Each structure stands twice: as structure tokens, then as C-alpha cells.
Amino acid sequence: MQSFGPVAPHYDELMKTVPYRMWVGYYMLLLANQDVHPKRVLDVCCGTGAMCDLLTREGMEMTGFDIAPGMIEVARQKAKKAKQTITYHVADATNFKLGEEFDAAFSFFDSLNNITEPAKLQAAIKCIYKHLKPGGSFIFDLNTAYAFEMQLFDQQNLRANARLRYQWTGTYDRETKIIEVDMKFWKDGEEFSELHVQRAYSDEEIRAMLAKAGFVEVRGFNSYTLNPIRARSDRVHYTCIKPG
């Protein structure tokens, strides 16, 4: 089963309850907390471009990339319809080369959890570092092991009047820190499935990877706040800087 393949045309419908404007507000708060005011921003694993759309409206020059061609196609269609100038690429976060540098980069909605091999996540962080200007900001979020243990991926919407019905079941292995989420969808009488796999990373692992890549001023937050990470944080955000 694919990840972000069959679901791509329906992704925005699936995510319509996600408070993207709140996410943008929180991103702006974290940037202000870093005293960084970027103009050109890179969205790593941008999906269908919801954040790029909103940040373009905030006056930023956005570039986004994602490994899933179907998601990028939707993002391009949306930008064209909105008459927005947003550059989108199909690329892999672990080895992308865009040939330019940005004032800031971010990756939201636990995209980096989908990189399940630590060496590949380290490679992705290094690639992001290389694409930032000195003084550039990198901000990202991750699901935690606590989120997986609490079965937060077990979700469903099977209402008869739902346009897109779904049922998700996660299986978590505490030894490997890997969760496999079996996702079944029903749309217009047709059924399709995807298998999403994520890995939980400890705070120590992430800080070591960021330091190895060269980032400084690393801070971790209990998501949507400026409070430190807690034992029961189900989502965490990190901010860091490429030294000038």
C-alpha cells in the first residue's frame, strides 16, 4: 500500500478540520521568539500546500516540496486557481538539491516522523541546513512516543453522510519506536487503502542530530505553546538557527 498516493486527491477534504490558520499563527510566534523575519521560506514536505498558501498571503515568498507527486499536483492546481506564485517541486527530503538558499525552512504536521531511519533523518536535517542562509531558521514538529502509546492514530469517521469515510488503526512497537497505521477509506462507493509508517524520536536523538548538522540555539516546546517539552507531550516543536 502507498503513502499519500490514493489519498492525495482527497487530502484537503480529509484535513478540512485542521486549524491551519492557528498553525501559521504559531509559526509566526516561534519566528518572533527567534527574532527571525524571513522573506523567502521553504516548506519541507509541503503536502498540498495549505501552509504555503496562507504564508504567501502573509507576504512571504514560498517554495515547497514533497516526495508524493499527487500531493504536489494538487498544490500546483490550488496555487494556479488562487493566482499565487509558489514554486513546488517533487523531491525527497533526505537528498533534495534545489540550488538555492532560503531565509527559513519549516516542516509541520509530523512530516519528519515519516522518515523512519535515523540516518536518513540526519541526512534530511543536513540537506535543510545546506539550503539555509547564515542566520536562517529551521522549525519543525514531531509526534512523540507518548502519542503513539496513547493510540492517537486510531481514528474513524464512518458516518453515512460523510463525503469521505475512513477508519485508521495503528500498531506500535515500543522496541523499534515504529508505528504502522492501516488506513482504509471509502469514497463514492469505492474503497482504497494506505499504510503510513512513522517513527518516534527522543528529545536526545533530535538534539544530537541538529547539533551534528551544525544548528545552534536549539529549543524544544510543548506544541502550540512556549512551554518546555513535557513527559506527556504528544506533539513537540523544535526551533533552531544556522549560525551566521
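Here the structure is a predicted model, which means the values were calculated and not measured.
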Are Leu30 and His237 close enough, and set up right, to give a side-chain contact (heavy atoms from CB on, under 4.5 Å), and what steps lead you there?
-> CA-CA 9 Å; Leu30 292 177; His237 275 75; 4.1 Å; yes
Given the rule that I, L, V, M, F, W and Y join up when any side-chain heavy atoms are under 4.5 Å apart, are [X] and [Y] in one cluster?
X	Y	result
Val44	Val90	no
Leu132	Met51	no
Leu31	Val218	no
Met183	Leu152	no
Ile139	Val41	yes

Just verifying a value: how many Å separate [X] [atom1] and [Y] [atom2], rounded to the nearest 0.5 Å?
X	Y	atom1	atom2	answer
Tyr238	Asp141	OH	CG	11.0 Å
Phe140	Cys45	CZ	SG	12.0 Å
His37	Met60	NE2	CE	10.0 Å
Leu112	Phe108	CG	CZ	11.0 Å
Thr144	Met150	OG1	CE	9.5 Å
Arg165	Gln156	CZ	CD	10.0 Å

After noting the C-alpha distance and the side-chain angles of Lys187 and Leu164, does the key distance pass the side-chain contact (heavy atoms from CB on, under 4.5 Å) rule?
-> CA-CA 5 Å; Lys187 172 78 172 178; Leu164 178 66; 3.9 Å; yes
Is it the case that [X] and [Y] place a side-chain donor and acceptor less than 3.5 Å from each other?
X	Y	value
Tyr201	Asn113	no
Gln198	His196	no
Trp186	Glu191	yes
Thr56	Gln84	no
Ser233	Asn222	yes

State whether the side chain of [X] and the backbone N or O of [Y] hold a donor-acceptor pair below 3.5 Å, judged by distance alone.
X	Y	result
Asp35	Ala32	no
Gln167	Lys184	no
Tyr146	Ala231	no
Thr169	Asp182	no
Lys177	Ala145	no
Lys242	Tyr129	yes
Gln151	Phe148	no
Lys133	Glu101	no

Is there a side-chain contact between [X] and [Y] (heavy atoms, below 4.5 Å)?
X	Y	result
Leu195	Val181	no
Asp110	Leu142	no
Ile178	Thr116	yes
Met28	Leu55	yes
Lys212	Gln122	yes

Can you give me the closest heavy-atom contact between [X] and [Y], atom names plus distance?
X	Y	value
Gly244	Pro134	CA-CB, 3.6 Å
Gly135	Val36	O-CG2, 4.3 Å
Ser137	Ile241	CA-CD1, 4.1 Å
Ile86	Met62	CG2-O, 3.5 Å
Ala105	Ile128	CB-CG2, 3.9 Å
Glu100	His131	O-CD2, 3.4 Å

Determine whether the aromatic ring centres of [X] and [Y] lie less than 6.0 Å apart.
X	Y	result
Phe153	Trp168	no
Phe65	Tyr88	no
Phe96	His89	no

Once you measure the plane-to-plane angle for [X] and [Y], does it fall in the parallel (<30°), tilted (30-60°) or perpendicular (>60°) bin?
X	Y	result
Trp23	Phe109	tilted
Phe106	Tyr27	tilted
Tyr166	Phe185	tilted

Can we say [X] and [Y] salt-bridge, meaning some charged N sits less than 4.0 Å from an Asp/Glu carboxylate O?
X	Y	answer
Arg199	Glu205	yes
Arg40	Asp103	no
Lys78	Asp53	no

Start with the C-alpha distance between Asn114 and Val197, add both sets of side-chain angles, then the distance that settles side-chain contact (heavy atoms from CB on, under 4.5 Å), and finish with yes or no.
-> CA-CA 6 Å; Asn114 293 298; Val197 182; over 6 Å; no
Starting from the C-alpha separation in whole Å, work towards a yes-or-no answer on side-chain contact (heavy atoms from CB on, under 4.5 Å) for Arg76 and Ile72.
-> CA-CA 6 Å; Arg76 287 172 174 161; Ile72 290 297; 3.6 Å; yes
Tested for side-chain contact (heavy atoms from CB on, under 4.5 Å) against Phe221, the lone hit among Thr239, Ile229, Val236, Asn227 is Thr239
